[in-house]
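Below you'll find the structure, written out as structure tokens, and then a few comments.
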Amino acid sequence: MDKEVVINKQKLKLTNLDKLYWPDEKITKGDLIEYYREVSKYILPYLKDRPQSLNRYPNGIKGKNFFQKDVGNMPPDWVSTYKILSESTNKKVNYIVCRNEATLLYMVNLGCIEINPWSSRIQSLETPDYLAIDLDPEGISFDSVVETALAVKEVLDEAEISSYCKTSGKTGMHIFIPLKAKYNFEITKEFAHIIAKITHDKVPGITSLERSPSKRKKKVYIDFLQNNIGQTLAAPYSVRPSPGAAVSTPLLWKEVKRGLDPHDFNIKNTSKRISKIGDIFYDVLRKGTDIEKKLKKLDYA
DNA sequence: GATGGAC
DNA sequence: GTCCATCAACGCTAT
DNA sequence: ATAGCG
Ligand SMILES: [Mn+2]
Ligand SMILES: [Mn+2]
């Protein structure tokens with residue numbers, strides 16, 4: 001039922017460990033916590049020093065969920081938090097900042113099946129560490145997502161831009177470009193927009209840049225608007241609150257081909273996969289990209 | 001999941 | 001002590 | 001200002 005563990009020298013209460021978070025698959029909250037303990041070494045670099053947007057499912061994937069950013073003074077002392085002024089409400093929001101395994105498990109115990117970090121760190125909130133291209137299919141096959149991802153890859157390869165790809169764990173894929181916190185969100189977003197437009201021109205039949213779902217039926221939405229402060233995507237190695245407990249899994253580009261099935265990467269087998277092949281996203285937080293130079297190479301009028 | 005008031 | 005109601009987002013874009 | 005989106 002409940003258990004107290006010591007991690008990072010902190011006593012942490014883990015509760016309701018036998019609650020069925022995925023009733024059909026018989027996967028419990030305890031299984032979820034066990035997964036995050038196993039992969040913590042690999043997921044933590046993508047959470048470190050980043051404000052966390054909580055998406056809580058305290059009663060599992062079939063229960064009601066809610067978002068939480070402001071944790072007030074709810075967490076114990078040893079959980080790092082950071083207050084950020086919200087532009088829209090003019091109120092200070094006290095975010096959890098994940099810095100270690102104990103904090104990760106604290107969040108998971110709150111019902112966070114998925115982990116949603118900001119793309120910027122508190123040391124440099126205005127400059128993201130990576131650019132994200134988010135591929136969201138709207139009533140179209142996953143093979144079309146794959147085809148779109150490969151089109152993006154082709155565009156980036158032509159300009160010799162390094163890119164890294166993962167399943168979202170739901171229905172789409174994410175492509176990351178390392179930036180080393182060198183550009184603000186406005187420049188990053190404009191760059192992402194250009195990549196999206198060139199890709200759309202390459203495969204106009206299966207893609208769309210329309211924001212309204214009704215205007216992009218049966219297309220893959222090339223979502224470049226996640227490149228804004230505080231906009232999040234599920235982290236690499238995050239579990240998703242979806243059937244089968246799929247995991248957002250980094251892939252080798254050679255694995256991105258027709259027939260790829262995102263359900264093949266899930267809470268049951270991802271830990272083993274990582275131990276075997278390591279972290280495919282390793283360079284995302286280490287390399288950079290010279291946007292000015294690459295813009296010239298893209299040569300987009 | 002945590003809190004607090006009613007019972 | 002138990003039960004139950006209540007609470008827990010935000011930034012951007014287009015109109 | 002507000003609706004829609006993720
Ligand atoms: Mn997506
Ligand atoms: Mn999206």
Side-chain angles (χ1 to χ4, degrees), chain A residues 1-4 12-21 28-30 32-33 50-61 63-76 79 81-96 103 105-120 125-126 128 131-138 168-174 184-190 192-193 196-197 208-217 219-235 238 240-242 248:
Chain A
M1 199 45 160
D2 292 5
K3 192 164 72 176
E4 188 165 88
L12 171 62
K13 274 198 175 74
L14 302 173
T15 57
N16 301 304
L17 296 176
D18 50 4
K19 190 182 274 190
L20 280 170
Y21 266 21
T28 65
K29 185 182 180 187
L32 179 67
I33 289 175
R50 300 171 195 283
Q52 303 293 320
S53 181
L54 311 185
N55 183 8
R56 297 175 56 187
Y57 288 77
N59 291 301
I61 67 165
K64 268 220 146 40
N65 73 299
F66 60 93
F67 293 90
Q68 184 172 23
K69 299 188 175 185
D70 193 355
V71 295
N73 52 16
M74 168 180 72
V79 171
T81 62
Y82 190 81
K83 291 188 181 73
I84 299 172
L85 185 71
S86 160
E87 302 288 343
S88 61
T89 63
N90 213 38
K91 284 198 153 65
K92 284 187 176 174
V93 175
N94 200 29
Y95 286 85
I96 287 182
T103 301
L105 299 186
Y106 173 76
M107 293 193 290
V108 177
N109 189 60
L110 289 177
C112 296
I113 291 172
E114 60 177 26
I115 305 297
N116 294 292
W118 284 31
S119 60
S120 57
L125 282 175
E126 304 292 334
L131 177 157
I133 302 285
D134 173 25
L135 303 180
D136 294 329
E138 188 72 32
S168 76
K170 291 234 182 193
T171 59
M173 296 187 83
H174 300 152
N184 63 25
F185 281 99
E186 186 183 347
I187 291 170
T188 303
K189 184 173 33 185
E190 282 175 10
H193 192 183
K197 283 189 284 193
S208 169
L209 300 181
E210 284 287 351
R211 239 152 53 94
S212 164
S214 59
K215 290 182 182 171
R216 53 168 141 102
K217 285 199 165 73
K219 302 276 195 241
V220 176
Y221 175 43
I222 306 174
D223 183 357
F224 60 92
L225 290 171
Q226 292 302 110
N227 297 290
N228 278 315
I229 189 164
Q231 298 296 110
T232 62
L233 292 174
S238 171
R240 304 305 302 276
S242 54
S248 181

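In what follows, every chain begins at residue 1, and chains take the letters A, B, ... in the order their sequences are listed. Keep in mind the model is a prediction, meaning the values are calculated, not measured.
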- Task: Report yes if a side-chain nitrogen or oxygen of A:S88 is closer than 4.0 Å to either non-bridging phosphate oxygen (OP1 or OP2) of C:dG11; otherwise report no.
- Result: yes
- Item | Proximity to the side chain of A:P213 - top-ranked nucleotide from D:dG6, B:dG1, C:dA9 | D:dG6
- Between C:dA9 and B:dT3, how far apart are the P atoms? Round to whole Å, please. 16 Å
- If you check the A:Y221 side chain, which of C:dC12, D:dG6, C:dA8 turns out closest? D:dG6
- Measure the distance from CH2 on A:W118 to P on C:dC10 and round it to the nearest whole Å. 10 Å
- Message: What contact category does A:I229 fall into here, base, sugar-phosphate, or nothing, at under 4.0 angstrom with non-hydrogen atoms?
- Response: sugar-phosphate
- Task: Return the nearest nucleotide to the side chain of A:Y95; candidates are D:dG6, B:dG1, C:dC10.
- Result: C:dC10
- Taken to the nearest whole Å, CZ/A:R211 to P/D:dG4 is 12 Å
- C:dC10 versus B:dA2 - spacing of their C1' atoms, nearest Å: 23 Å
- Note on the structure: Here the distance between atom P of C:dC10 and atom CG of A:N116, to the nearest Å, is 15 Å
- Looking at A:K13, does any N or O in its side chain come under 4.0 Å of the phosphate oxygens OP1/OP2 on B:dG1? no
- Task: Return the value, rounded to whole Å, for the distance between atom CG of A:L85 and atom C1' of C:dC10.
- Result: 12 Å
- Note on the structure: So CD1 of A:I96 and CE of A:M107: to nearest 0.5 Å the spacing works out to 6.0 Å
- Message: Just N and O in the side chain of A:R216: are any of them under 4.0 Å from OP1 or OP2 of D:dC5?
- Response: no
- Query: Strictly by modelled atom types, are A:T81 and A:N94 linked by a side-chain donor-acceptor pair under 3.5 Å?
  - Reply: yes
- Nucleotide of C:dA8, D:dC5, C:dC10 approaching A:R56 most closely (side-chain heavy atoms): C:dA8
- Message: Any side-chain N or O of A:S86 below 4.0 angstrom from OP1/OP2 of C:dA9?
- Response: no
- Item | Nearest listed nucleotide, side chain of A:D70, among C:dA9, C:dA14, B:dG1 | C:dA9
- Item | Rounded distance in Å - CD (A:E138) to P (D:dG6) | 7 Å
- Between A:Y95 and A:W118, how do the two ring planes meet: parallel, tilted or perpendicular, split at 30° and 60°? perpendicular
- Item | Proximity to the side chain of A:K189 - top-ranked nucleotide from D:dG6, C:dC12, B:dG1 | C:dC12
- Between B:dG4 and C:dA8, how far apart are the P atoms? Round to whole Å, please. 14 Å
- Query: Roughly, in whole Å, what's the span from CG in A:N65 to P in C:dC7?
  - Reply: 17 Å
- Message: Measuring from the side chain of A:D136 (C-beta onward, heavy atoms only), which nucleotide among C:dA9, D:dG6, C:dT13 has the closest atom?
- Response: D:dG6
- Message: Categorize A:N16 for me: base, sugar-phosphate, or nothing, with a 4.0 angstrom heavy-atom threshold over every strand shown.
- Response: sugar-phosphate
- Message: Rounded to whole Å, how long is the line connecting atom CG of A:N59 with atom P of B:dA2?
- Response: 12 Å
- Task: Report which part of the nucleic acid A:Q231 touches: base, sugar-phosphate, or nothing (heavy-atom distance under 4.0 Å, all strands).
- Result: base
- Query: Would A:R216 and A:E138 pass as an ion pair if we require N to O under 4.0 Å?
  - Reply: yes
- Query: How long is the gap from CD on A:E4 to CG on A:L12, to the nearest 0.5 Å?
  - Reply: 8.0 Å
- Message: Whole angstroms only, please: what is the NZ-P distance between A:K215 and D:dC5?
- Response: 10 Å
- Between B:dG1, D:dG6, C:dT13, which nucleotide gets closest to the side-chain atoms of A:N228? C:dT13
- Within less than 4.0 Å of OP1 or OP2 of C:dA9, is there a side-chain N or O belonging to A:K91? no
- A:Q68 has its side chain closest, among C:dA9, D:dG6, C:dT13, to C:dA9
- Polar side chain donor-acceptor pair, A:N109 to A:K13, under 3.5 angstrom: no
- Query: Do other residues, nucleotides or ligands put more than 12 heavy atoms under 6.0 Å from the CG atom of A:D2?
  - Reply: yes
- Query: For the side chain of A:V93, counting heavy atoms from C-beta on, which of B:dG1, C:dC12, C:dC10 is nearest?
  - Reply: C:dC10
